[in-house]
Amino acid sequence: MTDFFAGIPKIAYEGPETDNEFAFRHYNPDEIVAGRRLEDHLRFAVAYWHSFAWEGGDPFGGRTFDRPWYPQDTMENARLKADAAFEMFALLGQPFFCFHDADVRPEGATLAESVARLDEITDYFAEKMEETGTRLLWGTANLFTHRRYMAGAATNPDPEVFAYAGATIKACMDATMKLGGENYVLWGGREGYVTLLNTDLSREADQMAAMLAKVVDYKHKIGFKGTILVEPKPQEPSKHQYDYDVATVYGFLKRYGLENEVKVNIEQGHAILAGHSFEHEIALAASLGIFGSIDMNRNDYQSGWDTDQFPNNVPEVTLAYYEILKAGGFTTGGTNFDAKIRRQSIDPADLILAHVGAMDVCARALKAAAAMLEDGTLERLRAERYAGWDTEEGRRLLSRETGLEALDALVRERGLDPQPRSGRQERLENLVNRFV
Ligand code: 3MF
Ligand code: MG
């Protein structure tokens with residue numbers, strides 16, 4: 001036991017009327033919504049890196065937090081950090097967490113030492129997972145912080161870095177499998193470039209595909225039953241990242257024949273950076289059959305960079321869960337809070353309350369989305385808009401046999417003069433507002 005969260009009670013559901021800060025107002029894990037427990041719909045996960053490894057630095061200043069597990073360079077402190085992390089998981093009662101190797105153990109002098117430390121700390125996790133019932137949503141390798149990765153991991157011009165990255169991924173996949181992880185994530189923060197002047201795009205694409213294929217092969221070799229997920233992001237830290245957005249990732253998977261093996265972990269902030277909405281990225285992934293999981297953290301709308309803030313906008317989050325529910329909900333995926341408290345939020349209570357608020361926002365949003373789906377008006381109006389395509393004639397127009405000449409003949413013979421119809425956007429927005 002640490003005393004890091006001393007005085008903070010276990011968070012329970014007390015309903016919307018409570019004035020207790022340390023309570024859920026909307027997230028009642030056992031509430032049944034659309035036939036499923038809320039906990040099983042939302043599948044919340046805490047991100048180890050932001051909550052326990054990040055020290056509050058920014059480009060203009062160093063750490064602002066003061067934690068008993070600093071400096072994070074000994075295994076003793078790694079264990080202390082794990083103690084505090086699992087104490088927070090027990091207080092929040094969220095079912096999952098996620099981690100990178102670099103979040104949980106100090107880097108060793110050699111690969112062998114780093115892997116031995118990862119094995120040691122994840123054995124410690126296994127005991128704590130058993131005690132608290134917390135599960136692993138996904139594991140991942142940090143292939144972007146260490147200087148060896150400054151020019152990329154799989155896409156590095158140096159094959160030795162490629163080998164080092166592969167060995168590191170192997171260790172992280174082994175640890176994820178050992179802990180019963182439900183997914184394994186790859187985010188290519190430095191798989192891209194800073195200047196095209198020194199970059200061979202086509203080689204780097206082949207290298208990235210080669211590594212992803214090795215990941216898929218190793219998954220099957222060890223019998224890992226989870227899902228391999230790629231997390232799209234358009235830039236930052238690279239000027240251009242190859243996994244730009246869902247459409248780009250799908251094109252890449254298709255090109256290298258990996259589209260049935262890999263899905264996507266979509267982050268709200270990354271969607272915005274790519275010039276899309278979160279719900280656009282989710283709907284597109286679902287329609288392509290590659291929707292996997294989400295990172296639920298927003299950006300500041302004025303700053304233009306990845307600020308990784310906790311969600312607090314119910315109407316926005318509702319539209320995301322609407323697409324997720326429409327696609328059948330999560331299978332192995334979940335809602336990971338890849339979010340950090342602001343660097344002035346230095347109290348342990350800030351960490352807890354950030355998650356409490358975010359879980360409530362997501363619960364409200366999911367309930368609103370489920371009610372919208374159940375009501376069915378939105379789907380009915382959408383279906384009506386396309387009804388012409390469900391007719392015999394609609395199907396005939398799409399068929400390859402009906403060429404451009406046939407379309408020409410049809411318009412002339414029938415004297416067609418199609419009349420515009422309202423898209424009814426404001427009516428639909430009003431409808432959504434009735435639920436949020
Ligand atoms: C960066 C991110 C990453 C990924 C993580 C797992 C550090 O913007 O979102 O967090 O989520 O690397 O893939
Ligand atoms: Mg993320």
Side-chain angles (χ1 to χ4, degrees), residues 43-49 53 95-105 111 114-115 118-119 121-123 125-126 129 134-145 149 153-155 162 164-191 208-233 241-243 246 249-250 252-253 256-267 270 285 289-296 330-338:
R43 294 170 59 83
F44 288 131
V46 167
Y48 210 95
W49 51 101
F96 295 103
F97 74 109
C98 303
F99 71 97
H100 303 78
D101 51 352
D103 311 330
V104 300
R105 55 99 187 100
L111 175 88
S114 293
V115 173
L118 181 66
D119 290 344
I121 198 75
T122 48
D123 283 344
F125 280 8
M129 289 167 72
T134 312
R135 291 175 285 154
L136 179 62
L137 186 63
W138 46 262
T140 187
N142 178 327
L143 304 177
F144 44 88
T145 298
Y149 297 122
T155 62
F162 180 96
Y164 209 102
T168 303
I169 293 172
K170 175 188 175 296
C172 292
M173 288 178 75
D174 289 340
T176 301
M177 166 110 173
K178 174 175 80 183
L179 297 177
E182 302 203 12
N183 307 270
Y184 183 82
V185 168
L186 297 123
W187 170 62
R190 299 202 191 269
E191 310 295 25
M208 207 163 86
M211 185 66 86
L212 190 53
K214 291 181 203 306
V215 168
V216 166
D217 291 346
Y218 191 62
K219 162 190 158 150
H220 293 304
K221 168 131 199 258
I222 61 177
F224 177 61
K225 294 283 173 274
T227 311
I228 304 293
L229 301 171
V230 165
E231 183 173 325
K233 187 177 182 183
Q241 276 162 223
Y242 297 129
D243 294 325
V246 168
V249 170
Y250 183 72
F252 176 85
L253 295 176
Y256 292 100
L258 294 166
E259 73 274 17
N260 298 321
E261 294 280 3
V262 178
K263 293 184 159 57
V264 283
N265 180 43
I266 303 171
E267 175 169 320
H270 299 177
I290 58 166
F291 175 69
S293 198
I294 59 170
D295 274 5
M296 177 57 88
F330 291 121
T331 52
T332 63
T335 303
N336 172 43
F337 294 118
D338 186 1

Given the options Leu253, Val215, Ile228, Leu258 meets side-chain contact (heavy atoms from CB on, under 4.5 Å) only with Leu253
- Message: Any non-hydrogen side-chain atom of Thr140 less than 4.5 Å from a side-chain atom of Cys98?
- Response: no
Tell me, do Tyr149 and Thr168 make a side-chain contact under 4.5 Å, heavy atoms counted?
yes
Distance-only, no hydrogens or angles: does the Ser293 side chain make a donor-acceptor pair with backbone N or O of Gly334 under 3.5 Å?
yes
Between Leu186 and the options Leu229, Asn265, Ile169, the side-chain contact (heavy atoms from CB on, under 4.5 Å) test singles out Ile169
Sorted by chain and residue number, the salt bridge (Lys or Arg N to Asp or Glu O under 4.0 Å) partners of Lys225 (sequence neighbours excluded) come out as none
Taking every heavy atom of Gly188 against every heavy atom of Asp243, the minimum-distance pair comes out as N-OD2, 4.3 Å
Exercise. Check whether more than 12 heavy atoms from other residues, nucleotides or ligands sit under 6.0 Å from atom NZ of Lys214, and answer yes or no.
Key: no
Review point. Arg190 side chain to Phe144 main-chain N or O, any donor-acceptor pair under 3.5 Å?
Key: yes
Sorted by chain and residue number, the side-chain hydrogen bond (donor to acceptor under 3.5 Å, both in side chains) partners of Tyr218 (sequence neighbours excluded) come out as Asp174
Those residues at least two apart in sequence (or on a different chain) that pass salt bridge (Lys or Arg N to Asp or Glu O under 4.0 Å) with Glu259 are Lys254
By salt bridge (Lys or Arg N to Asp or Glu O under 4.0 Å), Glu182 pairs with (sequence neighbours left out) Arg43, Arg135
Hits for side chain to side chain contact (heavy atoms under 4.5 Å, CB included) against Ala47, two or more places apart or cross-chain, chain-then-number order -> Trp49, Asn336
| What class does the angle between the rings of Phe97 and Phe99 fall in, given that below 30° is parallel, 30 to 60° is tilted and above 60° is perpendicular? | parallel
| request: Kindly say whether Gly226 contributes a backbone atom to a donor-acceptor pair with the side chain of Asn183 at under 3.5 angstrom? | output: no
Ring pair (Phe, Tyr, Trp, His ring centres under 6.0 Å) filter on Tyr48, not counting sequence neighbours, yields Phe52, Phe125
